[in-house]
2 protein chains.
Amino acid sequence: MLGRSDTYTPTNSASKSTLWGDFKYPRDTEIFGEGEPANFVYHINSGAVRTFKLLPDGRRQIGAFHLAGDIFGVENGGAYRLSAEAILDTRVRIAKRERLFAEPPELGAFSTKELLTLLTKTIEHAENHLLLLGRQNAVERVAAFLTEMDQRLQSPETLILPMTRRDIADYLGLTHETVSRAFAILIHSGVFSFPGPSHREIVLHDRTKLTRMALWPEHPLR
Amino acid sequence: MLGRSDTYTPTNSASKSTLWGDFKYPRDTEIFGEGEPANFVYHINSGAVRTFKLLPDGRRQIGAFHLAGDIFGVENGGAYRLSAEAILDTRVRIAKRERLFAEPPELGAFSTKELLTLLTKTIEHAENHLLLLGRQNAVERVAAFLTEMDQRLQSPETLILPMTRRDIADYLGLTHETVSRAFAILIHSGVFSFPGPSHREIVLHDRTKLTRMALWPEHPLR
DNA sequence: CGACTCCTTGACAGCGTTCAACAGTAGTGG
DNA sequence: CCACTACTGTTGAACGCTGTCAAGGAGTCG
């Protein structure tokens, strides 16, 4: 397991006077590992990150995807609860936890209220995800995933997803084959168009069609 | 949906000078509903509580069981994220949120640090549960459930579970039949004894056997 | 005692996994 | 520029775990 110092590329190293420093992580590299001391908090400038847990036999559960503008790696205890990897080449701003949550707060640092809000958002997301993993079928999961990404990317004209089918599968508790089949079902049922190119991108050209998906009577969206 | 005032039984009503008041909820009654204003925080004196989300068609996902000594109903936002019901006749102490988290804190109130710890524990539990729901099979889920309850009840000589098979199933994302079959498999594989009586209780007489279960090489416990 | 709930067990169906083959794309190096 | 490889995604076929449906036993309560 590579430590952070082995993988980051400083583009503007954090001096003692600036709270945040800029770093880059190439695609598919580890940002931090589950159980490591949670010394840093990350803010994504561009790119995307997956956080996940692994079982000893390799089974993986992705807890969340983090996109540009998101903050991740915020811990209250001393260690990261999940591992984090870059999905794409990703630029992040990093702050030392002890400074970000210093008492009294320094300029640009997090207030306790902001920390509470972050943690609450994490809980909300996890609890909605529990319902999805425990009680929704494959097509519902994939549809909910698309809806979530669409909302988080603020319903762009073209929805481009950075993660692979396997990432989506490990997020939704499915196999990548089942995810692929669920996409096919959604396509053939006219829920959205899928003009390709097919490689690592899903392009949704018609926003109204995605809106219709969200209004399925059979689809119990969160 | 009944309001709290319709279901509680005051045994020692909260006066303006005491932070906590005592109340009782009969078995299978609602304590609060998802989306209601989160005006109270609950501390369980005796009994047990389930918190859960429902889909419109009735599918239910239990997020957590709360036992004697546990605190639940703590929210940062304004509304409860899950519904809560008493599993047994349950005695709780209730505090008004605004007083419990008042600034400056009054005597007996929560510090921000304690609140953060509570929220962090909630996140940890949820994220472990995501892995269970997304990536573990039925027998693994039931075994993990037993291990969790055993730990939380501090490995008592006899482990008595207050919840029904259906509650367990809705906690583990299974059906009650599958839970029942998983118990049978664990029993027949000699992991633990199951002498009954069979009604709404699972009695584990041999603690060392439960310990052996936790040490299964094939069982990737959390 | 009768009605109800809870639990177990069997038979069967079905959804999702597993295994496999193949196509399309990107990346690499000659 | 092209050959080669690796990776991603799609699709088919068969399997199997879990869900569904059903029946029956046991305990509880009025």
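By convention in this document, chain letters (A, B, ...) are assigned in the order of the sequence lines, proteins followed by strands, and residues within each chain are numbered from 1. Computed from a prediction, not measured in an experiment: that's the story for all the values here.
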A:Phe65: partners by ring pair (Phe, Tyr, Trp, His ring centres under 6.0 Å), with sequence neighbours left out: A:Tyr171
Indicate for each nucleotide in nucleotides 13-22 of chain D, in 5' to 3' sequence, whether protein heavy atoms under 4.0 Å reach the base (B), only the sugar-phosphate (S), or nothing (-). B----SSBB-
Can you list the residues that meet the salt bridge (Lys or Arg N to Asp or Glu O under 4.0 Å) rule with A:Arg152, with sequence neighbours excluded? A:Asp70, A:Glu148
Write out all pairs satisfying salt bridge (charged side-chain N to carboxylate O under 4.0 Å, His left out) with one or both partners inside residues 129-139 of chain A, taking only residues at least two apart or from two chains. A:Arg135-B:Asp170
Where at least one partner belongs to residues 76-90 of chain A, residue pairs that pass salt bridge (charged side-chain N to carboxylate O under 4.0 Å, His left out), sequence neighbours excluded: A:Arg50-A:Glu85, A:Glu75-A:Arg81, A:Arg81-B:Glu127
Helix axis bend for the helix from C:dC1-D:dG30 to C:dG30-D:dC1 - C1'-based end axes, five pairs, 10° rounding: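 End-to-end axis angle: 40°.
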Using the side chain to side chain contact (heavy atoms under 4.5 Å, CB included) criterion, which residues pair with A:Asn137? Sequence neighbours excluded. A:Val139, A:Glu140
Going by the rule side chain to side chain contact (heavy atoms under 4.5 Å, CB included), which residues pair with A:Ile71 if we only count those two or more places apart in sequence or in a different chain?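 Side chain to side chain contact (heavy atoms under 4.5 Å, CB included) check on A:Ile71 returns A:Val41, A:His43, A:Val74, A:Phe110, A:Leu118.
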Identify each atom pair where a protein N or O and an N or O of nucleotides 12-14 of chain C are less than 3.5 Å apart, giving names and distance.
none

Contacts of B:Thr178 that satisfy side chain to side chain donor-acceptor pair (under 3.5 Å) - sequence neighbours left out: B:Thr175
Set of side chain to side chain donor-acceptor pair (under 3.5 Å) partners for A:Ser83, sequence neighbours left out: none
Show the atom names and distances, to 0.1 Å, of all donor-acceptor pairs under 3.5 Å that link a side chain in residues 179-188 of chain B to residues at least two apart or in another chain.
from, atom 1, to, atom 2, distance (Å)
B:His188, ND1, B:Ala184, O, 3.1

Side-chain donor-acceptor pair under 3.5 Å between B:Arg165 and B:His176, yes or no?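 No pair is found: no donor N or O on one side chain lies under 3.5 Å from an acceptor on the other.
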